[in-house]
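Read the structure below first, then the notes.
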Number of protein chains: 2
Amino acid sequence: MTQLDLPTVIGDLVSVNHRLTRLAATVTGNTESPAVWRTLSVLRDLGPMRLGELAKVSRVTQPTMTKLVHALDERGWIRRIVDRDDARAMLISADPHGIAALDAWRIELANSLTPTFADLDDDELETLASAVEIVRTRLERSRAALVEAAASTGHVA
Amino acid sequence: MTQLDLPTVIGDLVSVNHRLTRLAATVTGNTESPAVWRTLSVLRDLGPMRLGELAKVSRVTQPTMTKLVHALDERGWIRRIVDRDDARAMLISADPHGIAALDAWRIELANSLTPTFADLDDDELETLASAVEIVRTRLERSRAALVEAAASTGHVA
DNA sequence: CAGTATACATAGCTTGGCTATGCATATCGC
DNA sequence: GCGATATGCATAGCCAAGCTATGTATACTG
């Protein structure tokens, strides 16, 4: 029987998470980092946004995101669209090349991890998919709270 | 309805994983890194082992593990036990201080993330716990395969 | 006992993360 | 309209975690 108190589940979730991250990093011959795919995933899922907002959503600081965006830009994986109404700002959007690279990574990852997860039965697969959705909704809510907090402290109505 | 083909679930699992890692890193005021907790978790769950094996299990290279072990040793969070029968080797074991730090981190993490997950119903909590177990068993199996492969290529019977 | 294999350490690099700070542009008060 | 303040991104400089290549000491093997 698994532990069903929330603190334990949270701790186990994050611990397993950290180990899975290393497995994902090593099984593919992939030289790219989680940060790259994370950033592209966010852009694909949520659409174009400002660098600062992208940093908040990705849970990194603005200078870190500046570096990531520059690196992605050099690869042609994103586009930087200057804001006509605000010369300081820019919109970041995923370039089709970036989306293609992201898709390729997911395929490579799936191929590499399929042996590890090949014996999942339908129930287990559904459990994993449901868990992913549960976490995703919380990440989204957390993101919304962040953006709202930033808006309320700022001057924007 | 969630996507139930294995490649998609794997991709989503790892993507959400990467975002959750950042959330976990930022919600706690914590300055420690995932690598530290990952290493201590492995030592706690699997018991003392050699540095090289610890590296394999953690899915990092031996030099990376050497650095981590040195850092953990300076904090007094692990112990290095010299092997009587092999002066080159050492057993790494988690020091009680390390276990205590790990526990403290899990509590802090749970406290910080509880608001985000506070609205989980019993079914959702169980789904998360089951998913953690599913992934954990695959990580374990993957680990076993690694160790076995190393043994068969080596001269050890 | 020479040669090879093994276990860990060291060197040196890259990337991703951080804080502090700079610079350009908006916006607000007067 | 203009100075002061706020905002958006860039730069500088640091540290940790990851890597490959290589070194050093010990063990094993012929």
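Every value quoted in this text rests on a predicted model; they were computed, and no experiment measured them. Lettering follows sequence order; numbering is per chain, from 1.
None of Val57(A), Ile78(A), Leu102(A) except one satisfies the side-chain contact (heavy atoms from CB on, under 4.5 Å) rule with Leu43(A); the exception is Ile78(A).
Proximity of Arg84(B) to the phosphate of dA27(D): no side-chain N or O atom is located under 4.0 Å from OP1 or OP2. Phosphate proximity of dA16(D) to Arg38(B): absent, as no side-chain N or O sits under 4.0 Å from OP1 or OP2. The side chain of Thr66(B) places no N or O atom within less than 4.0 Å of a non-bridging phosphate oxygen (OP1 or OP2) of dC8(C).
Using a 4.0 Å heavy-atom criterion, one finds that Met65(B) contacts no nucleic acid atom at all. Base engagement by Pro63(B) is indicated by at least one non-hydrogen atom pair under 4.0 Å involving a base atom.
Across dA9(C), dT7(D), dA17(D), the shortest atom-to-atom separation from the side chain of Ser33(B) is found for dA17(D). Closest to the Thr61(B) side chain, of the nucleotides dG16(C), dA9(C), dT20(D), is dT20(D). Of the candidate nucleotides dC8(C), dG17(C), dC19(D), dC8(C) has the atom lying nearest to any side-chain atom of Arg50(B). Which of dC9(D), dT26(D), dC18(C) sits closest to the side chain of Arg88(B) comes down to dT26(D).
Checked by atom type, the side-chain pair Arg80(A)/His70(A) shows a donor-acceptor distance below 3.5 Å. Counted by atom type alone, Ser142(A) and Arg59(A) present one or more donor-acceptor pairs between their side chains at under 3.5 Å.
To the nearest 0.5 Å, the span separating CZ on Arg88(A) from CG on Asp83(A) amounts to 9.5 Å.
A donor and an acceptor atom sit less than 3.5 Å apart, one in the side chain of Gln62(A) and one in the base of dA10(D).
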